[in-house]
Every structure is written in C-alpha cells, then in structure tokens.
Amino acid sequence: MSTLKVGTLQDTSAGNSSTPAEIYNGRAKAWGNISGTGTPAFRDSYNCSSLTDNDDGDYTINFTNNLVDDDYAVLGSAQNWEGTQTDSYCGVSIRKDTLAVGSFRIMIMRWRWDQYAFKDSGVVCFAVFR
C-alpha cells in the first residue's frame, strides 16, 4: 500500500483547495463545542481562535482563518435548561448583522410558557458551512 503526502489539494482550475487537516476535520468551515456556564470555554473546536462572553447566553465566536465572505450558515444546539424545570426549552439563534468573515454571534434563549430570557447553557454546539 502506498502513501500520498500532500500539503494542499486543489481542483483543476486551482479555485478550490483543501488541506489534509480540513478533510480530516470534516467539511464544515468551523465547528465548536462550548462549555457555556461560568467562564465559557471551548471543549473542542475547529477553526475557532477564541470566544467572547458578551452577556448571559450571548457569545461571539472568532475564526482562526477568515471565511471568504459572510454568506455562510450556522447550525447550533444547546443543552436544555439545567434547573428543575422540565417544561422549559432552549433555542439557539444568530444575529444576521453579526455574521462577518472573521466571527459571528450566537445567542441561547430559554423559554417557558410566556417567559423567555437569554441564558448560559452547559453545552453549546455549532457548525459553520459555506
């Protein structure tokens, strides 16, 4: 069996390229798993250099390598409310005005009946696709 070692793979027009690390980590342009309570921190991530805790349930994710533009999709999920409330729900949203080539802002909202608030969550996961 032979081994092929390359630094970058390109298509025939040299317009699209991938590194072996990008292929190994999947085709998402970035992804992360955040411990969002206390001092928020990445448990693990790809193409994420840092995060900023803006407020309760409100984080800015900064990319290690900028994306080519701000027309990308962010998919996210968060752990449900960590208290004793079994009838509460947790939602993840992004603010369109915060999508930038180098970062985006993700917000975690907890709602119960007619009440809602931005809340920290023990687990916040996201993936960025372009």
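All values below were derived from every heavy atom in this structure, side-chain atoms included, with hydrogens, water molecules and symmetry-related copies excluded.
Nearest heavy-atom pair, G7 versus P20, reported as atom, atom and distance to 0.1 Å: O-CD, 3.1 Å. The minimum heavy-atom distance between T8 and S17, with the atom names listed, is CG2-CB, 3.6 Å. The heavy-atom pair separating V124 from I108 by the smallest distance is CG1-CD1, 3.8 Å. Of all heavy-atom pairs between P40 and I34, the closest is CB-CG2, 4.5 Å. Of all non-hydrogen atoms in R130 and D71, the two that sit nearest each other are CD-O, 3.4 Å. Among all heavy-atom pairs drawn from C48 and W31, the shortest one is SG-O, 3.6 Å.
D120 contributes a side-chain N or O that, together with a main-chain N or O of G57, makes up a donor-acceptor pair within less than 3.5 Å. The main-chain N or O of G122 is never found under 3.5 Å from a side-chain atom of T37 such that the two would form a donor-acceptor pair. Side-chain N or O atoms of Y59 include one that pairs as donor or acceptor with a backbone N or O of G36 at under 3.5 Å. A donor-acceptor pair under 3.5 Å is formed between the side chain of N47 and the backbone N or O of K29.
Side-chain heavy atoms closer than 4.5 Å link hydrophobic residues (I, L, V, M, F, W, Y) into clusters, and following such links, possibly through other members, connects I94 to V92.
Note that the OG1 atom of T19 and the CG atom of L9 stand 8.5 Å from one another [nearest 0.5 Å]. Here the straight-line distance linking atom CG of N33 with atom SG of C125 works out to 4.0 Å at 0.5 Å rounding. Put simply, CE on M109 and CG on D56 are 12.5 Å apart, with the number rounded to the nearest 0.5 Å.
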Could you please spell out the steps behind the side-chain contact (heavy atoms from CB on, under 4.5 Å) verdict for R43 and V123? CA-CA 9 Å; R43 284 190 184 89; V123 179; 3.8 Å; yes

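Taking 4.5 Å as the limit, some side-chain heavy atom of L99 sits within range of a side-chain heavy atom of V74. Considering only heavy atoms from C-beta on, F126 comes within 4.5 Å of I61 through its side chain.
The side chain to side chain contact (heavy atoms under 4.5 Å, CB included) test with T60 singles out one residue from T52, I106, L51, and that residue is T52.
No side-chain N or O of N62 forms a donor-acceptor pair with one of S49 less than 3.5 Å apart.
Using cut-offs of 30° and 60° for the angle between ring planes, the F104 and F63 rings count as tilted.
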